[in-house]
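The next block holds one structure in the form of structure tokens; read it before the comments.
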Amino acid sequence: MIHLYDSEGPCALSDLCLAQVCHSLDALCCLRVDGSMSLIHSPILPQEMADQLLHRMASQGIINDRSVGIFRSSKELRLRRASIRRCSVSDQAFQLAICPHQLMELDASWVSGGLTGADVISGLASNPACRSSLQRLSLNGLRLGWESLEKVGVVHFSSLQGLRMLNLANTDLSDAVLEDICTLPHLESLDISCSAVSNVNALLECKNTLKSLTAHRLGQLDMSPARLLFVFNQLHALRHLDFSEDHFSVDDSDGKDADETVRQLLEGSPQMLPSLVSLDISGRKKISEASIRAFLKSRSDHLTFLGLLATGLSSCDVLSSLNNLKVTGEADENQVCEALKRYRDRECFIREALVHLYNLTTDTDKPKPDMLKLVVQSMQSHPASLHVHLVATACVFNLTNQDVSQALPVSLLTSTIMQLLDAMIAFPHHQQVQKNCLLTLCSDYILQDVPFDKYLATVLVINWLSRHEDPTLQRMAVAIISILVAKLSREETTQLSKDINIMKQLLAIVQQRAMIGVADSTLKFALSALWNLTDEVPAAARNFIQCRGLELYEEVLESYYTEPSIQQKVLGLLNNIAEEEEFQADLMEEDLLEHVLHLLQDSHLDVGVRYFAGGILAHIASRSEAWTLDQELLRTIEKQLVSKTLAFFFFFRRSFRPFSILLQTGQPSGVQLWAVWAIHLVCSQNVSHYSSMLEHEGQIELLKALAAHPDTHSDVRRLSHSVLLLIGQHQSRSGASENQKKRENS
């Protein structure tokens with residue numbers, strides 16, 4: 001699905017082109033002997049465009065050993081800033097497709113497929129150009145596997161002499177490897193968060209170049225406060241220090257030395273770390289407000305950021321007077337959103353921030369697209385985290401509730417709903433996550449007007465429905481299904497109908513509600529879903545009959561005689577059955593047809609009920625040779641179809657193909673009259689929509705034949721002429737309008 005707009009407005013032409021390339025990749029490529037892809041025609045792209053193509057492919061999850069092969073053409077697709085983040089790429093594919101490029105940046109965070117940090121370093125170092133050109137490298141979440149390099153004496157990090165930024169968070173980084181890293185002559189930014197480092201003395205080797213140190217949750221750090229402060233005090237160029245902690249994983253007995261280090265740093269002289277403008281101590285629950293006040297008093301002139309999430313200190317009144325200071329915390333929306341931006345890869349802080357965001361948005365009545373985007377990104381960054389999705393899906397409901405969704409960018413809503421579907425797949429048995437997703441989906445605007453994978457959504461909601469019987473949630477799920485099924489293509493509905501359990505599930509709901517005699521929304525939604533499911537889908541009609549749906553629907557017709565909305569939905573489905581020639585014999589039951597005939601004759605009934613009653617009888621009567629009941633009943637039906645003048649009732653049709661057999665010149669007049677009247681009815685309301693459908697499907701020629709045939713009933717001929725006149729007038733107006741546009745353009 002390619003969108004012309006994003007949350008910022010119309011998409012750039014280059015973005016649309018890249019999206020089309022990604023969508024058509026199989027058609028644009030041939031396969032090498034090893035199964036990897038190669039562009040059939042590979043023009044020399046602008047260098048930035050090659051980077052953008054790789055990044056888009058990675059973000060869409062289509063980069064793998066096969067597709068990454070297109071970047072082996074390093075002369076045509078020249079990469080400088082490469083990202084294979086969260087992709088599945090093997091060592092061999094990486095060596096062949098990525099390493100030949102003269103890279104300046106590489107993000108290989110959380111790559112699966114067996115690629116290790118050692119593979120990355122050895123591959124990059126094998127390219128002499130990369131040894132000096134590579135400036136930024138992120139291996140977050142990767143196993144370094146350094147032992148494999150040490151055995152064969154291959155190069156280490158220090159071989160990449162151009163490195164300025166290195167991210168080794170969530171890796172098996174050791175003290176020995178850190179020592180090698182700190183010899184890099186230009187190292188400015190280093191992230192060693194959540195690693196096995198126990199000693200940071202090696203940082204003294206880069207004290208004159210290191211500007212940013214991120215050391216979140218160093219659980220194995222074994223240094224006294226005095227020694228840590230000594231090391232920090234020597235980092236004269238340091239501008240950003242992150243010494244935060246995971247507040248969920250630390251109990252009261254852990255981290256005492258680290259907390260004491262932070263306290264002394266906060267209360268110490270500004271001569272320690274004199275260049276510091278950014279400090280993050282989020283998660284440090286034992287820091288006092290007095291320490292924060294002392295720090296701000298001595299540093300407020302230069303400080304630009306302070307991380308205080310999960311410290312209980314973000315509401316400190318002194319912060320409100322510092323307008324240029326950005327803070328992560330829970331005091332207000334700005335602090336929470338800042339946390340969601342900065343801590344995207346940290347589950348502990350994302351969880352904390354989302355909880356506070358949920359509380360802050362419970363009664364929101366204004367669209368907040370930037371906030372919603374941050375929530376969706378949080379889910380994308382932690383696809384397997386139940387904790388994140390539990391709160392994030394609740395936040396999504398708050399931010400898309402009621403009329404708010406209609407003021408949000410459609411493309412943002414599309415990505416949001418697709419992320420919710422991913423959550424339903426990831427956590428199929430967690431009732432609250434599923435409920436949160438259903439609550440958001442249960443919106444007329446979202447279901448009707450927002451583009452997303454409606455087939456997938458239908459399958460997921462039906463699967464959920466089969467496992468739960470809570471009345472409130474059941475009503476919501478059936479409501480969603482009834483709308484989604486109507487949005488599916490005929491091919492998708494046919495595919496859905498291959499599972500007979502779907503039919504059984506919906507019929508069980510109808511039977512359950514009918515047994516207790518209620519005419520509630522659950523029953524009506526289930527009937528609507530079944531009606532839409534069987535519309536021109538023979539497989540669904542067959543399942544309906546096999547599941548004894550006809551017997552059930554006869555009972556519903558009799559039981560709900562005073563409920564026109566229910567009768568109309570029941571008759572609408574029976575009309576779908578009647579339109580399928582192979583199932584008309586199943587409707588040849590005298591009691592059923594006499595009941596339907598009675599509905600047609602009763603002028604006090606809702607016109608919609610009588611319309612579908614007429615449709616059923618018209619289709620059954622159209623094949624007199626297949627009639628197996630009393631001939632007198634057939635003649636009565638034909639008479640009544642002619643004599644009953646139906647009042648106005650507007651309805652929508654996907655197709656008029658089932659009408660073709662009813663419009664044949666040899667059909668009884670009553671059958672013809674009902675079909676022509678129905679066509680005239682919809683054309684008189686929306687001729688622009690239906691004229692092309694009638695022409696494409698061949699009914700216009702059938703109407704012309706009826707109008708010209710000498711034996712055609714006068715009412716049928718009159719209505720046929722009227723339909724043809726409506727269509728002719730519309731075509732004349734359309735032609736005149738088109739000619740006017742051409743003259744104006746010329």
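Residues that satisfy the salt bridge (charged side-chain N to carboxylate O under 4.0 Å, His left out) test with D107, not counting sequence neighbours, are R85. For R239, there are no salt bridge (charged side-chain N to carboxylate O under 4.0 Å, His left out) partners, not counting sequence neighbours. Listed by chain and residue number, P100, H101 satisfy the side-chain contact (heavy atoms from CB on, under 4.5 Å) test with S74 (two or more places apart in sequence, or in another chain). Contacts of E188 classified as salt bridge (charged side-chain N to carboxylate O under 4.0 Å, His left out), with partners at least two apart in sequence or in another chain: R164. Residues that satisfy the side-chain contact (heavy atoms from CB on, under 4.5 Å) test with S497, not counting sequence neighbours, are T493, L533, V537, A539, A540, N543. Scanning for side-chain contact (heavy atoms from CB on, under 4.5 Å) contacts around N140 gives S109, W110, S138, N167, A169, N170, D345, with sequence neighbours left out. Under the salt bridge (charged side-chain N to carboxylate O under 4.0 Å, His left out) criterion, K211 pairs with no residue, sequence neighbours left out. Checked against side-chain contact (heavy atoms from CB on, under 4.5 Å), T440 has the following partners two or more places apart in sequence or in another chain: V396, F397, T400, I417, L420, I446. Taking F71 as the reference, nothing meets the ring pair (Phe, Tyr, Trp, His ring centres under 6.0 Å) condition, with sequence neighbours excluded.
With rounding to the nearest 0.5 Å, the separation of CZ in R32 from CZ in R66 is 12.0 Å. I181 CD1 to L163 CG: the interatomic distance, rounded to the nearest 0.5 Å, is 9.0 Å. Of the inter-residue distances, the one linking S189 atom OG with Q135 atom CD reads 12.5 Å to the nearest 0.5 angstrom. Separation of atoms OG1 (T304) and CG (L276) is listed at 9.0 Å; rounding is to 0.5 Å. With values rounded to the nearest 0.5 angstrom, Q448 atom CD is found 5.0 Å from I483 atom CD1. In this structure, the separation between OG on S198 and CD on Q220 is 7.0 Å, given to the nearest 0.5 Å.
Checked for salt-bridge contact, K487 and D449 miss the test: no charged N lies under 4.0 Å from a carboxylate O. Using a 4.0 Å cut-off between charged side-chain N and carboxylate O, D51 and R56 make no salt bridge. Checked for salt-bridge contact, D242 and R346 meet the test: a charged N lies under 4.0 Å from a carboxylate O.
Ring centroid separation for the pair F349 and H216 comes in under the 6.0 Å cut-off.
Identified under the side-chain hydrogen bond (donor to acceptor under 3.5 Å, both in side chains) test for residues 176-187, with sequence neighbours left out: S158-D180. For residues 371-392, the set of pairs meeting the ring-ring contact (aromatic ring centres under 6.0 Å, His included) definition, not counting sequence neighbours, comprises H389-F427.
Between T116 and D119, the side chains place a donor N or O and an acceptor N or O closer than 3.5 Å (distance only, hydrogens not considered). With 3.5 Å as the limit, one finds a donor-acceptor pair spanning the side chains of S282 and Y343. Inspection of the S244 and D280 side chains reveals no N or O donor paired with an N or O acceptor under 3.5 Å. Counted by atom type alone, S132 and Q161 present zero donor-acceptor pairs between their side chains at under 3.5 Å. Checked by atom type, the side-chain pair N334/E338 shows no donor-acceptor distance below 3.5 Å.
R467 places a side-chain heavy atom less than 4.5 Å from the side chain of P428. Under the 4.5 Å side-chain criterion, counting only non-hydrogen atoms from C-beta, S415 is in contact with L412.
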Please list, one pair per line, the donor and acceptor atoms closer than 3.5 Å that link side chains of residues 374-381 to other protein atoms, with sequence neighbours excluded.
from: Q377; atom 1: OE1; to: R344; atom 2: NH2; distance (Å): 3.0
from: S378; atom 1: OG; to: L374; atom 2: O; distance (Å): 2.9
from: S381; atom 1: OG; to: Q377; atom 2: O; distance (Å): 3.0

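In this structure, K454 is positioned above the aromatic face of F452, its NZ or CZ under 6.0 Å from the six-membered ring centre and within 45° of the axis.
Residue H236 qualifies as enclosed at atom NE2: its count of foreign heavy atoms under 6.0 Å is above 12. In this structure, D222 places its CG atom where only 12 or fewer heavy-atom neighbours from other residues, nucleotides or ligands lie under 6.0 Å away. Within a 6.0 Å radius of CD in Q234, other residues, nucleotides and ligands contribute more than 12 heavy atoms.
Side-chain atoms of R131 come within 3.5 Å of backbone N or O of A125 as a donor-acceptor pair.
Nearest heavy-atom pair, L421 versus L460, reported as atom, atom and distance to 0.1 Å: O-CD1, 3.6 Å.
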